[in-house]
Amino acid sequence: RSHTVLFFVASLLFLFLRTEGAGNCAGEGSRGRPKCSAADMTLKFILMVNKQGQTRLAEYFDFLSIEERTTLEAEIIRKCLSRTDKQCSFMEYRGMKVVYRRYASLYFIVGAEAEEDNEL
């Protein structure tokens with residue numbers, strides 16, 4: 001079961017590497033995909049949250065004060081938990097693209113820079 005969760009997190013990171021980093025990458029790799037490095041990723045944060053809204057894991061890639069982190073987490077968690085299963089799991093928030101996925105009783109939430117030239 002833990003392998004499935006790790007696979008999902010790795011898939012989310014790959015998704016962002018491929019979509020968000022694509023505008024910043026030079027050249028093409030195999031199968032016509034752009035070459036990207038980890039430095040090209042525009043991830044802002046990764047959160048793992050339970051269904052009650054308690055943060056189980058938080059990793060930030062840009063500096064935010066504790067106050068800003070708490071506010072950001074509370075607002076994003078509230079928005080993600082209030083959405084129905086029929087709604088899209090991609091949303092815009094404070095100039096960022098936020099993608100979330102529910103797996104069992106956990107929500108995996110990833111935030112990245114929103115780029116106008118790279119729509120999904």
Side-chain angles (χ1 to χ4, degrees):
R1 183 174 178 173
S2 64
H3 289 82
T4 307
V5 172
L6 291 174
F7 178 74
F8 173 74
V9 171
S11 299
L12 272 179
L13 291 174
F14 178 74
L15 169 76
F16 275 107
L17 178 63
R18 207 170 134 207
T19 59
E20 292 297 324
N24 301 328
C25 301
E28 286 191 3
S30 63
R31 299 184 205 165
R33 293 184 182 145
K35 289 182 190 174
C36 295
S37 69
D40 294 326
M41 293 175 63
T42 57
L43 290 179
K44 296 291 188 180
F45 60 85
I46 298 175
L47 302 174
M48 190 167 35
V49 180
N50 67 10
K51 287 194 321 188
Q52 289 77 32
Q54 298 169 326
T55 304
R56 295 298 178 200
L57 173 81
E59 184 69 36
Y60 292 87
F61 301 104
D62 286 343
F63 175 78
L64 291 174
S65 68
I66 300 297
E67 240 176 54
E68 292 171 322
R69 288 180 183 198
T70 306
T71 305
L72 177 78
E73 285 178 26
E75 291 174 5
I76 289 199
I77 290 168
R78 196 175 315 115
K79 285 183 178 284
C80 290
L81 292 178
S82 66
R83 292 170 70 94
T84 65
D85 291 339
K86 302 280 183 190
Q87 289 179 299
C88 179
S89 60
F90 289 76
M91 62 183 174
E92 291 276 336
Y93 177 76
R94 285 192 191 177
M96 291 183 283
K97 286 184 183 176
V98 177
V99 179
Y100 69 95
R101 172 77 181 203
R102 181 175 167 214
Y103 178 76
S105 64
L106 291 176
Y107 283 83
F108 295 89
I109 305 169
V110 179
E113 284 182 7
E115 295 178 2
E116 295 299 323
D117 60 339
N118 188 16
E119 289 297 320
L120 296 176

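The structure displayed is predicted, hence computed values, not measured ones.
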Rounded distance (nearest 0.5 Å) linking atom CG of Leu47 with atom CZ of Arg69: 10.0 Å

Value for OH (Tyr100) from NZ (Lys79), rounded to nearest 0.5 Å, stands at 11.5 Å

Test applied, side chain to side chain donor-acceptor pair (under 3.5 Å); reference residue, Gln54; option that passes from Arg56, Gln52, Lys51: Arg56

Determine, step by step, whether Ile109 and Phe45 satisfy the side chain to side chain contact (heavy atoms under 4.5 Å, CB included) criterion, reporting the C-alpha distance in whole Å, the side-chain angles of both residues, the deciding distance to 0.1 Å, and the verdict. CA-CA 8 Å; Ile109 305 169; Phe45 60 85; 4.1 Å; yes

Evaluate the criterion side chain to side chain contact (heavy atoms under 4.5 Å, CB included) for residue pair Leu72 and Tyr60; output intermediate values, then yes/no. CA-CA 11 Å; Leu72 177 78; Tyr60 292 87; 3.8 Å; yes

Any sub-3.5 Å donor-acceptor pair from Arg102's side-chain atoms to Ala104's backbone N or O? yes

Which heavy atom of Glu92 sits nearest a heavy atom of Gly95, and at what distance? OE1-C, 4.5 Å

As an exercise, state the distance from CG of Leu57 to CZ of Phe108, rounded to the nearest 0.5 Å. 9.0 Å

Taking atom CD of Glu113 and atom CE of Met96, what is their separation to the nearest 0.5 Å? 9.5 Å

For Ser89, is there any backbone N or O sitting under 3.5 Å from a side-chain donor or acceptor partner on Arg83? no

Is a side-chain donor or acceptor of Glu73 paired with a backbone partner of Thr70 at a separation under 3.5 angstrom? no

Heavy-atom nearest pair, Leu81 first then Gly53, reads CD1-CA, 3.7 Å

Quick one: closest heavy-atom pair of Cys80 and Tyr107, and the distance? O-CE2, 4.3 Å

